Amino acid sequence: MKGMFAAGNGPVQISAEAIAKRVQELGAQIARDYQGKTPHLVCVLNGAFVFTADLVRAIPLPLTLDFIAISSYGNAYRSSGEVELIKDLRLPIHGRDVIVVEDIVDTGLTLAYLLDYLEARKPASIRVAALLSKPARRQVEVPIHYLGFEIEDAYVYGYGLDRAQFDRNLPFITSLRPEEE
Ligand code: PRP
């Protein structure tokens, strides 16, 4: 049986081609900025796994990669402002040029927590690459040095982002209309 990837009917729709083009641009920009250095990318699980996989292959530099997992949606942090570390880094970041790789920055609470956590480990530098940003939802100001797309406030999923844990495998980004959520 031939499968099919279904898109939602929401306002945010970003094709696989548009994503690929933007990821190549971000990779080229990072490669220029980190020429002569060895960046250390930190992928924030789970949502950023697809973006990270494509981004690292668009950065023609020696680099290292690690993964961290912290909880956000669907638990107490949304009301309390608390974020929980689910899986720690495996590699040291002291003295490294760290690039945090996120799929989406929404309220900014996850990233704010993460930046504090990473800065305490004294990296040489720390920057952020995020595929998507929803500025309308921001609660804390956070830096994004490499941004894929600024989007409006819709429930987005695909390309690593989930819809109730499903649809991370969609090759594009799509969204729901409010009444579909
Ligand atoms: C998403 C995303 C960010 C966070 C952004 O993760 O990957 O980490 O939410 O939201 P914020 O700016 O409001 O903090 P999510 O908790 O959905 O988990 P997942 O990556 O495992 O899908």
Side-chain angles (χ1 to χ4, degrees), residues 5-8 10-14 16 19 22-23 26-27 30 40-56 65-90 93 98-121 123 126-178 180-181:
F5 290 123
V12 179
Q13 306 287 341
I14 311 175
I19 296 168
R22 192 72 191 110
V23 172
L26 294 177
I30 290 170
H40 181 68
L41 276 67
V42 172
C43 169
V44 186
L45 295 171
N46 292 333
F49 82 104
V50 177
F51 176 43
T52 304
D54 285 343
L55 184 64
V56 291
L65 176 63
D66 202 357
F67 299 87
I68 195 167
I70 49 192
S71 71
S72 60
Y73 290 179
N75 60 48
Y77 113 87
R78 275 197 119 172
S79 49
S80 67
E82 303 250 328
V83 178
E84 190 188 354
L85 186 72
I86 303 293
K87 180 217 163 299
D88 205 349
L89 299 172
R90 291 183 65 177
I93 60 168
V98 171
I99 304 176
V100 177
V101 185
E102 262 289 20
D103 52 339
I104 185 166
V105 180
D106 191 335
T107 63
L109 292 170
T110 304
L111 187 55
Y113 168 90
L114 196 55
L115 290 173
D116 276 355
Y117 182 82
L118 296 175
E119 271 158 13
R121 295 180 174 199
I126 182 158
R127 286 188 171 181
V128 175
L131 182 67
L132 304 173
S133 173
K134 277 186 191 173
R137 296 253 312 157
R138 205 71 93 244
Q139 288 180 26
V140 288
E141 208 177 309
V142 284
I144 303 177
H145 306 87
Y146 305 101
L147 175 62
F149 303 93
E150 191 170 290
I151 58 168
E152 63 186 272
D153 184 14
Y155 187 118
V156 288
Y157 59 99
Y159 194 73
L161 290 88
D162 74 300
R163 177 185 178 189
Q165 297 307 326
F166 286 88
D167 289 333
R168 292 191 194 271
N169 57 324
L170 298 185
F172 48 80
I173 289 166
T174 186
S175 61
L176 299 177
R177 282 202 304 257
E180 296 174 310
E181 289 179 25

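The residues of the chain are indexed from 1 along the displayed sequence. Scope of the values below: all heavy atoms of this structure, side chains included, with no hydrogens, waters or symmetry mates. One-based numbering, in listed order, for ligands and for the atoms of each. These figures come from a predicted structure and were not determined experimentally.
Of all heavy-atom pairs between Asp167 and Arg163, the closest is OD2-CD, 3.6 Å. Of all non-hydrogen atoms in Leu132 and Leu147, the two that sit nearest each other are C-CD1, 3.9 Å.
Ring geometry, Phe172 versus Phe5: the interplanar angle exceeds 60°, so the pair is classed perpendicular (tilted spans 30 to 60°).
Ranked by closest heavy atom to atom 5 (C) of ligand 1, the top entry among Val140, Ile104, Val142 is Ile104. Across the listed options Val83, Thr110, Asp162, Thr110 owns the non-hydrogen atom lying nearest to atom 4 (C) of ligand 1.
Atom-to-atom distance recorded for Ile14:CD1 and Tyr159:OH is 10.5 Å, nearest 0.5 angstrom.
Within the listing of ligand 1, atoms 11 (P), 12 (O), 13 (O), 14 (O) sit less than 4.0 angstrom from a heavy atom of Thr107. Those atoms of ligand 1 that come under 4.0 Å of a heavy atom in Asn46, given as number and element, are 19 (P), 20 (O), 21 (O).
Using a 4.0 Å cutoff on heavy atoms, Arg168 counts as a contact of ligand 1.
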**Report entry** Check against side chain to side chain contact (heavy atoms under 4.5 Å, CB included), Val128 and Val142
**Finding:** CA-CA 9 Å; Val128 175; Val142 284; over 6 Å; no
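When only interatomic distances are considered, the shortest N/O to N/O separation between Gly47 and ligand 1 falls below 3.5 Å. Ligand 1 has a nitrogen or oxygen under 3.5 angstrom from a nitrogen or oxygen of Gly108.
Contacts of Glu102 with ligand 1, taken as heavy-atom pairs under 4.0 Å, involve the side chain alone.
Between Arg121 and Asp88 there is a salt bridge, since at least one side-chain N of the basic residue sits less than 4.0 Å from a carboxylate O of the acidic one.
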